[in-house]
Amino acid sequence: MDKHLAGIDFSAPSAEVARRLIGVTMLVDGVGGRIVETEAYDRTEPAAHSFNGPTPRNFSMFGPPGRSYVYRSHGLHWCLNFVCREEGHGAGVLIRALEPLAGLERMRERRGLDDPRLLCSGPGRLCQALGVTREFNNLALDAAPFALLAPEAGAAVAVLAGPRIGISKAVELPWRFGLAGSRFLSKPMR
DNA sequence: TGTATGATCGCCT
DNA sequence: GGCGATCATACAG
């Protein structure tokens with residue numbers, strides 16, 4: 001597949017891909033919105049699932065870039081990543097929050113909530129809102145059910161960086177990225 | 001506004 | 001047997 005998607009080169013380092021994904025619109029079966037928060041992971045640092053090599057859970061992280069890696073977190077939530085770098089490297093970007101724009105009614109049904117700020121503001125929440133489960137693992141991001149749309153040309157996207165959330169290793173790396181001023185972040189940027 | 005806790009599964013030591 | 005790339009709820013201040 002073409003490694004360039006929504007104007008982003010997915011063979012680039014995960015931190016660069018994570019930064020450039022802010023402002024991109026992501027849809028799953030037509031439901032989704034603008035990406036406002038991401039985190040980068042790379043096999044070279046111990047917070048990444050790929051750090052210890054391939055396992056049955058993380059094998060899609062070692063496949064070609066531009067595909068999905070979906071895993072179960074804490075036994076009950078799903079989390080969505082976009083694979084990057086070259087095939088076999090083991091890098092990805094965790095999608096942590098969206099600004100809901102399309103399919104709001106579907107999201108409300110799935111989440112059992114009305115407040116738009118609680119629909120997609122967290123990696124587990126957005127997967128529930130978009131209906132992402134294990135069946136969506138290791139799929140190409142340039143084909144249905146996924147769709148990625150670049151921001152409008154010339155649109156200014158102000159991105160802030162900070163430490164990643166919920167990890168205990170490599171906590172110092174500033175590999176969390178967020179849209180400045182967004183009300184849809186899982187937590188404010190520092 | 002903040003801190004604690006339970007739910008519950010796959011992988012690692 | 002322990003520990004997460006989490007979330008919702010319960011409580012304290």
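Proteins get letters first, then strands, A, B, ... in listed order; numbering begins at 1 in each.
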side-chain contact (heavy atoms from CB on, under 4.5 Å) between Phe82(A) and Leu5(A), worked out: CA-CA 11 Å; Phe82(A) 295 166; Leu5(A) 246 169; over 6 Å; no
Which pair of non-hydrogen atoms, one from Ile8(A) and one from Arg20(A), has the smallest distance, and what is that distance? CD1-O, 3.5 Å
So what does Arg96(A) touch, heavy atoms closer than 4.0 Å: a base, only the sugar-phosphate, or nothing? sugar-phosphate
Need one value for Ile167(A): base, sugar-phosphate or nothing, where a base atom within 4.0 Å counts as base even if backbone is also close, heavy atoms only. sugar-phosphate
Where do N or O atoms of nucleotides 11-13 of chain B meet protein N or O atoms at under 3.5 Å, pair by pair?
unit_1: dC11(B); atom_1: OP1; unit_2: Arg57(A); atom_2: N; d: 2.8

Using whole Å, report how far [atom1] of [X] lies from [atom2] of [N].
X         : N       : atom1 : atom2 : answer
Leu76(A)  : dG10(B) : CG    : C1'   : 13 Å
Asp115(A) : dA8(C)  : CG    : P     : 11 Å
His74(A)  : dT5(B)  : NE2   : P     : 16 Å
Leu126(A) : dT6(C)  : CG    : C1'   : 12 Å
Tyr71(A)  : dC3(C)  : OH    : P     : 18 Å
His49(A)  : dG4(C)  : NE2   : P     : 10 Å
Trp78(A)  : dG4(C)  : CH2   : C1'   : 15 Å
Leu119(A) : dT6(C)  : CG    : C1'   : 17 Å

For dG1(C), the Watson-Crick or wobble partner whose two distances fall under 3.5 Å: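 Base-paired to dC12(B).
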For the pair Asn81(A) (side chain) and Gly92(A) (backbone), establish whether a donor and an acceptor sit closer than 3.5 Å, ignoring hydrogens and angles. no
Nearest to the side chain of [X], heavy atoms from C-beta on, is which of [options]?
X         : options                : answer
His77(A)  : dC7(C), dA7(B), dA5(C) : dC7(C)
Arg125(A) : dA5(C), dG4(C), dC7(C) : dC7(C)
Asn81(A)  : dG4(C), dA5(C), dC7(C) : dA5(C)

In whole Å, what separates the C1' atom of dA8(C) from that of dG10(B)?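 Per the computed distance, 22 Å lies between those C1' atoms.
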Between Arg111(A) and Gln128(A), is any side-chain donor less than 3.5 angstrom from a side-chain acceptor? yes
Within the 4.5 Å heavy-atom criterion, are Ser186(A) and Arg176(A) side-chain neighbours or not?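 Yes; the side chains approach each other to less than 4.5 Å.
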I want to check one thing: is the phosphate of dC9(B), taken as OP1 and OP2, less than 4.0 Å away from some side-chain N or O of Ser73(A)?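 Ser73(A) to dC9(B) OP1/OP2: no side-chain N or O under 4.0 Å.
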Looking only at side-chain N and O atoms, does Arg72(A) come under 4.0 Å of OP1 or OP2 in dA7(B)? no
Check whether Phe184(A) forms a cation-pi arrangement with Arg34(A) (NZ or CZ under 6.0 Å from the six-membered ring centre, at most 45° off the ring normal).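 Verdict for Phe184(A): no cation-pi partner in Arg34(A).
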Can you tell me if Arg106(A) has over 12 outside heavy atoms packed within less than 6.0 Å of its CZ? no
CD of Glu172(A): more than 12 outside heavy atoms within 6.0 angstrom? yes
Quick check: on DNA chain C, is the nucleotide nearest Ile165(A) upstream (toward 5') of the one nearest Leu118(A), or the reverse? Name the residue that is more 5'. Ile165(A)
